[in-house]
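To find a chain, count down the sequence lines: A is the first, B the second, and so on, and within it residues start at 1.
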There are 2 protein chains.
Amino acid sequence: MNKFDAHILVVDDDDGIRELVKEYLSENNFLITTANSAEDAKEKISIIKFDLIVLDIMMPGKSGLEFTSENKNNINTPIILLTAKGESSERVKGLEVGADDYLPKPFEPKELVLRIKNILNKTKSKNIKRIIQFDNVKIDLNKLLIIQNKKEFKINRTEKTILEKMINAPGQTFSRESIGKIIDIEKERSIDVIITRLRKKIEINPKNPKYLQTIRGSGYVLWIE
Amino acid sequence: MNKFDAHILVVDDDDGIRELVKEYLSENNFLITTANSAEDAKEKISIIKFDLIVLDIMMPGKSGLEFTSENKNNINTPIILLTAKGESSERVKGLEVGADDYLPKPFEPKELVLRIKNILNKTKSKNIKRIIQFDNVKIDLNKLLIIQNKKEFKINRTEKTILEKMINAPGQTFSRESIGKIIDIEKERSIDVIITRLRKKIEINPKNPKYLQTIRGSGYVLWIE
DNA sequence: CTTAAATATAAAAATTCTTTCATTATTGGT
DNA sequence: ACCAATAATGAAAGAATTTTTATATTTAAG
């Protein structure tokens with residue numbers, strides 16, 4: 001939808017690092033705004049709502065720790081701290097005052113991108129998928145429909161609840177017990193039946209499931225993509 | 001309360017690392033159990049409920065990734081992966097399959113302790129309420145029970161789903177339409193009926209609701225506190 | 001105070017979902 | 001290849017939930 005994945009504020013007094021980070025993150029499809037001090041950052045967050053802040057701890061004037069401590073509770077934005085190598089006490093404090101993650105310097109840019117993406121994923125708990133498509137199958141949890149090779153199947157509440165979980169954790173195994181907990185069903189045999197029914201809707205060939213597979217001894221898994 | 005901060009399972013095929021980690025974490029007031037393979041770990045988690053799992057990615061037999069993927073959904077336990085330096089694709093996968101954090105090897109033990117503490121903190125404060133109490137009423141969504149003045153009522157899935165939403169947005173009005181969407185019910189009259197049933201369980205005097213009130217023309221609201 | 005619209009409620013009817021059961025198929029280990 | 005354990009499945013029984021119906025009650029407005 002948006003051209004950028006997220007809008008990130010990078011705060012560091014060191015021009016070199018700041019520009020390096022900016023460049024690297026930009027290449028990775030983030031929109032970057034920079035600030036060279038906590039005070040500068042403070043001003044910018046009062047104007048723009050960022051998706052995440054990358055913040056150097058050690059800066060002249062107000063430190064990254066102070067900034068985090070003062071602002072974390074007023075804004076909802078996740079913060080990643082850049083900390084000095086070895087100074088683990090800094091990191092402890094950082095997490096204590098509300099930072100979401102930290103990265104000891106010097107760091108690999110890749111690492112930063114990785115941690116950013118991870119946090120954005122977690123905080124964006126709103127990005128729960130409700131409509132997915134793969135091969136010739138479309139699952140629409142809003143309309144409670146599965147369309148498979150032009151055939152249309154209704155799904156019921158139970159099936160919806162299971163799919164909701166599985167779709168948002170593809171490749172992860174769900175034991176019968178855990179599925180039972182999700183949908184408040186007690187008997188494990190009932191879950192077999194529900195899976196059989198689901199397969200008839202999802203699978204081209206239900207007898208030889210491609211997507212909703214059995215993990216013998218463990219449970220079931222949804223493979224998409 | 002407990003003598004230890006948390007019970008942690010350390011999984012690594014390398015005896016040296018495993019023992020080193022164990023020793024260091026023990027010194028930091030964690031109770032440590034070890035496993036030397038994913039298979040071994042699997043057995044142990046079936047017996048003991050750990051607070052956290054530290055898991056090497058690269059192991060003979062089942063890899064840490066596979067273990068995470070297969071088990072993350074069935075246990076509720078946070079997982080920290082130990083990954084090879086440089087192998088950032090491993091880390092991406094790790095997070096994708098549900099790991100909560102990772103640490104590239106070689107790592108400083110201090111760093112591990114820090115990340116463990118951070119995760120334990122976060123997971124402790126999941127703020128979705130599932131058990132609440134007010135006046136003489138206790139609602140337990142886990143046990144699917146409402147206890148009101150020593151009377152005990154079962155609640156069904158529909159009721160649970162509605163309460164789940166309302167409890168976490170008290171004071172917010174829910175239109176019949178929005179309730180219907182939550183529980184996949186079409187007819188608005190049916191929702192009247194469901195509310196009536198709920199009131200019999202929650203309210204001391206269902207005819208004169210104190211908690212689950214009607215907002216004429218708009219819907220219903222749950223007032224607690 | 002009356003009235004019309006909205007809500008409440010009990011009970012029955014209709015529908016949907018869960019469980020059971022009997023049988024067959026598949027899988028992994030020896 | 002064989003065995004035992006696990007899983008799949010169709011059909012039917014059993015339970016539970018949703019919807020309808022019919023009637024009563026409450027509310028806001030004039």
Problem set entry | Ion pair A:Asp184/B:Lys160, N-O distance below 4.0 Å | yes

Exercise. Hey, which of B:Ile146, B:Leu212, B:Thr158 is the one that makes side chain to side chain contact (heavy atoms under 4.5 Å, CB included) with B:Leu163?
Worked result: B:Ile146

For this session: Could you state the atom-to-atom distance from CZ of A:Arg216 to C1' of C:dA25 in whole Å?
Result: 10 Å

For this session: Specify the separation, in whole Å, of atom CZ of B:Arg157 and atom C1' of C:dC17.
Result: 8 Å

Exercise. Near DNA chain C, under 4.0 Å by heavy atom, which residues of residues 183-197 of chain A?
Worked result: A:Ile185, A:Glu186, A:Lys187, A:Arg189, A:Ser190, A:Val193, A:Arg197

Exercise. Taking the side chain of A:Thr158 as heavy atoms from C-beta outward, which of C:dT9, D:dA8, C:dT18 is closest to it?
Worked result: C:dT18

Problem set entry | Given D:dG10, C:dA8, D:dA7, the nucleotide with the shortest approach to the side chain of B:Thr214 | C:dA8

For this session: For the pair A:Gln148 (side chain) and A:Glu203 (backbone), establish whether a donor and an acceptor sit closer than 3.5 Å, ignoring hydrogens and angles.
Result: yes

For this session: Answer yes or no: is there a donor N or O on one side and an acceptor on the other, between the side chain of A:Gln172 and the main chain of A:Ala169, under 3.5 Å?
Result: no

Exercise. Taking OP1 and OP2 of D:dT17, is either one under 4.0 Å from a side-chain nitrogen or oxygen of B:Asn156?
Worked result: yes

Problem set entry | Whole-Å distance separating the CG atom of B:Leu212 from the P atom of C:dT7 | 14 Å

Problem set entry | Rounded distance (Å) that lies between atom P of D:dT26 and atom CD of B:Gln213 | 15 Å

For this session: Could you tell me whether the side chain of B:Lys44 and the main chain of B:Thr34 form a donor-acceptor pair under 3.5 Å?
Result: yes

Problem set entry | CD1 on B:Ile202 to OH on B:Tyr211, rounded to 0.5 Å | 9.5 Å

Exercise. Can you check the A:Lys207 NZ to C:dT26 P distance for me, whole Å?
Worked result: 8 Å

Exercise. Side-chain N or O of A:Lys200 less than 4.0 angstrom from OP1 or OP2 on D:dG10?
Worked result: yes

Problem set entry | Phosphate OP1/OP2 of D:dT6 contacted by A:Tyr220 side-chain N/O (<4.0 Å) | no

Exercise. Is B:Asp101 salt-bridged to A:Arg115, going by a charged N under 4.0 Å from an acidic O?
Worked result: yes

For this session: Could you check how far CG of B:Leu198 sits from P of C:dA8, rounded to whole Å?
Result: 12 Å

Problem set entry | Value in whole Å for how far the C1' atom of D:dT18 lies from CG of A:Leu144 | 15 Å

Exercise. So what does B:Lys154 touch, heavy atoms closer than 4.0 Å: a base, only the sugar-phosphate, or nothing?
Worked result: nothing

Exercise. A:Asn205 CG to D:dT9 C1': how many Å, rounded?
Worked result: 14 Å

